[in-house]
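Remarks on the structure that follows.
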Amino acid sequence: MYDWLTSLTTHPDFRTSILWISFAVVAVGFLQNLIYAWCLPQAWLELNKRSQKDDDHAGWMTLRSSSALPISIIVPAYNEANTIRENVMALLSLHYPDLRIIVVNDGSSDRTVHTMVEEFKMVETYLVRDVETISHKPIRKTYRSEIYPSLLFIDKENGKKADAINVGLTCVRTPLFCVIDADSLLEPTALLQAVRPFMETSDNVIAVGGTVGIVNGCKIENGQVVEYRLPKSFLAKLQVVEYIRAFLMARLAASRQGSLAIISGAFGIFRRDIAMAVGGYDTTTVGEDMELVLKMHRHMLENKIPYAVRYVPEPVCWTEAPESFKFLSNQRTRWQRGALECLSRHRKMIFNPRYGRLGMITLPTFVLVDLISPIAEVLGYILMIIFVLLGWMDAKFFFAITCLIFSYGVLISVLSLVLEQDEIERFSRVKDLFMVLLIAIAENFGYRQINSIWRIRGLFQHFRGMKPTWGTMERRGFSTSED
């Protein structure tokens, strides 16, 4: 009955093919682990340098003076009635001398418009906008707050997130603009810290990204995180460790090397003139944040203008993480599709020396990590099981290799946590730190593998040519009650 299987597994061509596939999987895994091993010391050096600079009191005094560059904050909002009040209150309480806030409602079907108008005493007004460079969906009404003169509110037809940001961008009259999600909260000193690279260096900084933290479980008062707490949801706890590793390790290392290609859509500051020069945000991709950064990189490199893109770990933007597998899987699949769309559109930059480190190191790394690595990881697990079942691998050797793979993943997660706690000290309670340490170990057993499957799904959707869509996201609102 199984003669055909025996014949297949003993055929020389089959064995040769499996051998080469195995070598490819091992090579991909080795390169990815090498990248992680390189990122950790680079991140530590950059974080240590930043921490030393933060002790400079003179720098703080300069920023608190009238010399601080004016900033406009754009907040795209879609069905954010549960979080929009706390978000805007947090923005109004930011410590910054010259700040404008532009909330853009993207055709919400809930009470977002009603909440904004009622809570902040909005009255209709007329705005002079820059409409020559960027097109967008029609605007219904524009408002200005009677109690907060720096607060604007724009109600427009639905056109997705990038279109909403572009509407806000046409209203910006400051040299810098910041984009944050409507389900996010900025720490009061976040702008003061994030704007420093624009003012303290001669590197012609065009964009700065900050750290994004998980707000689930935190105690919120008047739009501010007054006490950090771990989420109650186990799935959200897993994301806490994931965010620490992604932001503190990978982005710090890329910033140190001058090749940062991603600034989170939840929190980033950009030069308005450069963003306008590249046409603003692309409305045809779900990876509009990465797309904008790559367009800005490309614009500066092709015009041979020296520049820098930085990541600053100290300012934190708190965002609500999904607490169900359904919404989390949709989010990660969308992220994967967005990254692949950006890589596809800028493929001429990959391995092109004209684009320096970005083309020769950063983008090839994205291809390895986002495109090849998920497939290789899942394929590697499947091959190992097949080898054991066919008797090509000893069970003890299989167990040893499996332990080695998982141990390395645990090591990277734990070292990222140690790096975060040593420099930022977010976890003040011992039980929280101990819990995060356990999560850093547990996430390698199942969660990481599920993430790879979600990324493969995003890959398939991208190559099938599915239209960009953001889908829906569950909003629970911010916790304001005592536990």
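Heavy-atom basis, side chains included; hydrogens, waters and symmetry copies ignored. Throughout, residue positions are numbered sequentially from 1 according to the sequence presented.
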- Roughly how far, to the nearest 0.5 Å, is CG of Leu358 from CG of Leu363? 4.5 Å

Using a 3.5 Å cut-off and no angle test, enumerate the donor-acceptor pairs between side-chain atoms of residues 262-270 and protein atoms at least two apart in sequence or in another chain.
| unit_1 | atom_1 | unit_2 | atom_2 | d |
| --- | --- | --- | --- | --- |
| Ser264 | OG | Ala266 | N | 3.1 |

- Message: Return the CG to CD1 distance between Asn451 and Ile456, rounded to the nearest 0.5 Å.
- Response: 11.0 Å

- Task: Indicate yes or no for a side-chain donor-acceptor contact from Ser255 to the backbone of Tyr311 under 3.5 Å, with no hydrogens or angles considered.
- Result: yes

- Where do Pro364 and Met360 come nearest, in terms of heavy atoms and distance? CG-O, 3.5 Å

- Note on the structure: Residue set satisfying side chain to side chain donor-acceptor pair (under 3.5 Å) with Arg354, at least two apart, ordered chain then number -> none

- Message: So does Glu157 get a backbone contact from the side chain of Lys137, meaning a donor-acceptor N/O pair under 3.5 Å?
- Response: no

- Message: If you compare all heavy atoms of Asp163 against all heavy atoms of His136, which two are closest, and at what distance to 0.1 Å?
- Response: OD1-CA, 3.2 Å

- For Thr83, does its backbone N or O pair with a side-chain atom of Asn87 as donor and acceptor, under 3.5 Å? no

- So, are Lys156 and Asp106 salt-bridged, with charged N and O less than 4.0 Å apart? yes

- Item | More than 12 heavy atoms from other groups under 6.0 Å of CE on Met435 | no

- Message: Run the side-chain contact (heavy atoms from CB on, under 4.5 Å) test on Ile71 and Phe177 for me, step by step, so that the C-alpha distance in whole Å, both residues' side-chain angles and the decisive distance to 0.1 Å come before the verdict.
- Response: CA-CA 5 Å; Ile71 294 179; Phe177 72 95; 5.8 Å; no

- Message: When you compare the side chain of Ile372 with that of Val367, does any pair of heavy atoms fall below 4.5 Å?
- Response: yes

- Message: Between Glu377 and Arg448, does any side-chain N to carboxylate O distance fall below 4.0 Å?
- Response: yes

- Item | side-chain contact (heavy atoms from CB on, under 4.5 Å) evaluation trace for Leu99 with Leu191 | CA-CA 10 Å; Leu99 178 66; Leu191 286 182; 3.6 Å; yes

- Message: Check whether Arg345 reaches the backbone of Cys342 with its side chain - one donor and one acceptor, N or O, closer than 3.5 Å.
- Response: no

- Scanning both residues in full, the closest heavy-atom pair of Ile350 with Leu343 reads CD1-O, 4.2 Å

- For Asp432, side-chain contact (heavy atoms from CB on, under 4.5 Å) partners two or more places apart: Leu230, Phe427, Arg429

- Message: Nearest 0.5 angstrom please: Ser72 OG to Arg272 CZ, how far?
- Response: 9.0 Å

- Contact check, side chains of Leu69 and Met199, non-hydrogen atoms, under 4.5 Å: yes

- Give, for atom CZ of Phe120 and atom OH of Tyr148, the distance between the pair rounded to the nearest 0.5 Å. 7.0 Å

- Residue pair Val123 / Tyr143, side-chain heavy-atom distance below 4.5 Å: no

- Task: Would you please test His462 and Gln336 for side chain to side chain donor-acceptor pair (under 3.5 Å) and show each step?
- Result: CA-CA 9 Å; His462 170 71; Gln336 178 74 349; over 6 Å; no

- Item | Trace of the side chain to side chain donor-acceptor pair (under 3.5 Å) decision for Gln32 with Ser373 | CA-CA 8 Å; Gln32 186 172 8; Ser373 180; 2.2 Å; yes

- Message: When you compare the side chain of Pro322 with that of Gln239, does any pair of heavy atoms fall below 4.5 Å?
- Response: yes

- Would Glu323 and Asn216 satisfy side chain to side chain donor-acceptor pair (under 3.5 Å), going step by step from the backbone distance to the final call? CA-CA 9 Å; Glu323 295 187 355; Asn216 304 47; 2.7 Å; yes

- Given side chains that start at C-beta, do those of Thr362 and Thr365 come closer than 4.5 Å, heavy atoms only? no

- Item | Check: Glu341 side chain, Thr284 main-chain N or O, donor-acceptor pair, under 3.5 Å | no

- Message: Run the side chain to side chain donor-acceptor pair (under 3.5 Å) test against Asp155 and tell me which residues pass, sequence neighbours left out.
- Response: Asn105

- Message: Has Lys121 got a side-chain atom pairing as donor or acceptor with Ile147's backbone, closer than 3.5 angstrom?
- Response: no

- Note on the structure: The reported gap from CG in Leu328 to OG1 in Thr333 (rounded to nearest 0.5 angstrom) is 9.0 Å

- Message: Is the shortest side-chain heavy-atom distance between Leu235 and Tyr447 below 4.5 Å?
- Response: yes

- Item | Residue that, paired with Leu294, satisfies side chain to side chain contact (heavy atoms under 4.5 Å, CB included) out of Arg298, Met296, Met290 | Met290

- Message: Quick one, Leu185 and Ile220 - any side-chain contact, counting heavy atoms below 4.5 Å?
- Response: yes

- Quick note, ring-ring contact (aromatic ring centres under 6.0 Å, His included) partners involving residues 275-304, not counting sequence neighbours, are His297-Tyr307

- Once you round to the nearest 0.5 Å, how far does CG of Leu192 lie from NE2 of His95? 8.0 Å

- Should the pair Glu242-Arg332 be classified as a salt bridge under the 4.0 Å nitrogen-to-oxygen rule? yes

- Message: I'd like to know whether Arg334 forms a side chain to side chain donor-acceptor pair (under 3.5 Å) with Ser329, so could you lay out the CA-CA distance, the side-chain angles of the two residues, the decisive distance to 0.1 Å, and finally the verdict.
- Response: CA-CA 8 Å; Arg334 184 179 70 244; Ser329 65; over 6 Å; no

- Specify the closest pair of heavy atoms between Leu260 and Arg310, including all atoms of both residues, with the distance to one decimal. CD2-O, 3.5 Å

- Closest heavy-atom pair, Ile84 versus Ala77, reported as atoms and distance to 0.1 Å, is CD1-CB, 4.2 Å

- Query: Between Ser184 (side chain) and Ile180 (backbone), is there a donor-acceptor pair under 3.5 Å?
  - Reply: no

- What do the steps show when you test Val205 against Val309 for side-chain contact (heavy atoms from CB on, under 4.5 Å), and what is the final call? CA-CA 6 Å; Val205 175; Val309 177; over 6 Å; no

- Could you tell me whether a side-chain N or O of Asn204 sits under 3.5 Å from a main-chain N or O of Pro306, the two making a donor and an acceptor? yes

- Using the side-chain contact (heavy atoms from CB on, under 4.5 Å) rule, take Val286 and Lys160 through it: C-alpha gap first, then chi angles, then the decisive distance, then the call. CA-CA 9 Å; Val286 293; Lys160 307 305 178 186; over 6 Å; no

- Task: Only one of Thr211, Val208, Leu252 passes side chain to side chain contact (heavy atoms under 4.5 Å, CB included) with Val312; say which it is.
- Result: Val208

- Query: Where is the tightest heavy-atom contact between Ile214 and Pro231, given as atom of each residue plus distance?
  - Reply: CG2-CG, 4.0 Å

- side-chain contact (heavy atoms from CB on, under 4.5 Å) filter on Asp289, not counting sequence neighbours, yields none

- Item | Any donor-acceptor N/O pair, Ser108 side chain to Asn79 backbone, under 3.5 Å | yes

- Item | Ile35 side chain near Leu368 side chain, heavy-atom distance below 4.5 Å | yes

